[in-house]
A.B. asks: 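Below: one structure in structure tokens.
Keep in mind it's a predicted model, so treat the numbers as computed, not measured. The chain is numbered in sequence order, starting from 1.
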Amino acid sequence: MVQWALVVHGLCTATVVVSFLCGQWPIFEGTFIERLHFFLTFGAYDYFLRFVGKIFGSRAKNCVLGVERYCCERPNPTLQIVYLAIIGVTYVIIAKSSFKYIPGYYVGEYHKYLSVVAVVVGLVLFVLTSFSDPGTVTAENASRYISAYPYDDLIFVERECSTCKITSRPARAKHCKICDRCVARFDHHCGWMNNCIGEKNTRYFVAFLFWHFLICLYGAIVLGLILAGQLQERKIIYVLTVYYGVENSFSALFPHVVQYFLASYNAQILLAVFLAIISLLLAGFFGYHAHLCLTNMTTNETFKWQDYISWKRKVNEAKTSGTALKESLNIMNGTTPVPQSKWRTFCKKSPLQKEEPIVVNNVYNKGVFCNIYEILVPLSQRRSFFHSKDA
């Protein structure tokens, strides 16, 4: 009974984590995962607000909304503390429950020290991403950023930022309402870092994602090797086949081995599953941001291009509808000459089917190697940036 409870617990945890972080992905559209994501991100909080307002009154509801504004609309270290707690608690649990099996049949002594190094490197990347300047645009350096990132006149046009007193905000920059500053090559505001991700710290953020993916994968593999080592050291297969008469085949041994692991090493199994799930999620996030880096795009720009494409499609639909209406009126008025071939008329494409192709013309994409170099060595940290002429 305990074993099945642990299995159900692991499946429920995995479902909630995947739904919360990935429920908006197209692959989950129309599924239970998408509905659960909506409930976790919007529905549950809305029901909670209604409950508080009904039971404790409007003053308590306003207090909850005040906490929400503090957590979501102002810089605060809440998620940073949560991150540090997750890292610290997970490492302590692993150390207390699993280090006693090191060294083992497949795991060497050095893994105790390698794990410490891995966590320290992750914390260093966390600090660099959280506390480094993302690339703040000021009235003094705005003209240099304009030279570095010219306007494409599609998704970026010359605009003023009245809040920062910048008459011409550079292309690719955006004013972050949470940090209250304009950030060059703005990607997004990351609550986990309590900082914007921009031109100067994108490299640290991507390295943070990649390294934590490796840490979680490494932890899951080592825990798996510990379990495999215990299987060898305690001769579980030999005991099952010789003393209990279990057939020496994978299908026959598998349920017995799983039952043994759940009864004796449930902490290691839950930790391994947890780390494996987190590593998959981090791999997805890293892959997405790696693609953005390789194409010299940002998260903010992907949303801008989506809006541009949506607007362009509506314009094209309006044009084709107008053309089709004009042709219909001409035919009704008899002003359109009768075509010589009825077959040609039958095969002729309707104006409504004529769509002007919409191309994403990213003028900042300079090729894979130049794009990677721009991430590793931002434009504002090169000599040419400081030697550029003021606008």
A.B. asks: Answer with yes or no whether the hydrophobic clustering places Phe250 together with Ile237; edges join I, L, V, M, F, W, Y residues whose side-chain heavy atoms lie under 4.5 Å apart.
C.D. replies: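 Phe250 clusters together with Ile237.
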A.B. asks: Quick one: does Lys61's side chain get under 4.5 Å of Phe56's, heavy atoms only?
C.D. replies: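 SC-SC contact between Lys61 and Phe56 ruled out.
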A.B. asks: Under the side chain to side chain contact (heavy atoms under 4.5 Å, CB included) rule, what do Cys216 and Leu282 come out as? Steps first, then yes or no, please.
C.D. replies: CA-CA 9 Å; Cys216 292; Leu282 288 171; 4.0 Å; yes
A.B. asks: Using a 3.5 Å distance criterion without hydrogens, assess whether the side chain of Asn141 forms a donor-acceptor pair with backbone atoms of Thr136.
C.D. replies: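 Checking the backbone N and O of Thr136 against the side chain of Asn141, a donor-acceptor pair under 3.5 Å is found.
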A.B. asks: Quick check, are the ring centers of His212 and Phe208 under 6.0 angstrom apart?
C.D. replies: yes
A.B. asks: Take Glu301 and Tyr364, measure what side-chain hydrogen bond (donor to acceptor under 3.5 Å, both in side chains) needs, and give me the verdict at the end.
C.D. replies: CA-CA 11 Å; Glu301 289 166 11; Tyr364 309 110; over 6 Å; no
A.B. asks: I would like to know whether Thr241 and Leu253 meet side chain to side chain contact (heavy atoms under 4.5 Å, CB included); could you show each step before the answer?
C.D. replies: CA-CA 8 Å; Thr241 53; Leu253 288 170; 4.0 Å; yes
A.B. asks: If the plane angle is over 60° it's perpendicular, under 30° parallel, otherwise tilted; pick one for Tyr149 and Tyr145.
C.D. replies: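 Parallel, since the angle between the ring planes stays under 30°.
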A.B. asks: Out of curiosity, does Phe28 fall in the hydrophobic cluster containing Leu280 (side-chain heavy atoms, cut-off under 4.5 Å, transitive links)?
C.D. replies: no
A.B. asks: Do Ile197 and Thr129 have side-chain heavy atoms sitting under 4.5 Å apart?
C.D. replies: yes
A.B. asks: Determine, using the 4.5 Å side-chain heavy-atom cutoff (strictly less than), whether Tyr113 and Tyr91 are members of one ILVMFWY cluster.
C.D. replies: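 Looking at the clustering, Tyr91 is in a separate group from Tyr113.
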A.B. asks: Between Glu374 and Arg172 (salt bridge meaning N to carboxylate O under 4.0 Å), is one present in this structure?
C.D. replies: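 Counted as a salt bridge, because a side-chain N and a carboxylate O are separated by less than 4.0 Å.
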A.B. asks: Measure the shortest side-chain to side-chain distance between Tyr101 and Gln268 over non-hydrogen atoms and say whether it is less than 4.5 angstrom.
C.D. replies: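 Result yes, sub-4.5 Å side-chain heavy-atom pair found.
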A.B. asks: Please examine the side chains of Phe131 and Asn195, heavy atoms only from C-beta on, and report whether any two atoms are closer than 4.5 Å.
C.D. replies: no
A.B. asks: Hey, do the aromatic rings of Phe286 and Phe210 have their centres closer than 6.0 Å?
C.D. replies: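 Ring-ring flag for Phe286/Phe210: true, centres closer than 6.0 Å.
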A.B. asks: Please step through side-chain hydrogen bond (donor to acceptor under 3.5 Å, both in side chains) for the pair Gln230 and Tyr265, ending with a clear verdict.
C.D. replies: CA-CA 10 Å; Gln230 291 301 302; Tyr265 304 99; 3.1 Å; yes
A.B. asks: Is it the case that the ring center of Tyr204 lies less than 6.0 angstrom away from the ring center of Phe126?
C.D. replies: no
A.B. asks: For residues Phe99 and His111, establish whether the separation of their ring centroids is below 6.0 Å.
C.D. replies: no
A.B. asks: Walk me through whether Asn76 and Thr78 qualify under side-chain hydrogen bond (donor to acceptor under 3.5 Å, both in side chains).
C.D. replies: CA-CA 6 Å; Asn76 68 87; Thr78 304; 2.6 Å; yes
A.B. asks: Side chains of Cys293 and Ile375: closer than 4.5 Å at any heavy-atom pair?
C.D. replies: yes
A.B. asks: Given side-chain hydrogen bond (donor to acceptor under 3.5 Å, both in side chains), test Asn201 with Asp133 step by step and report yes or no.
C.D. replies: CA-CA 7 Å; Asn201 65 351; Asp133 177 23; over 6 Å; no
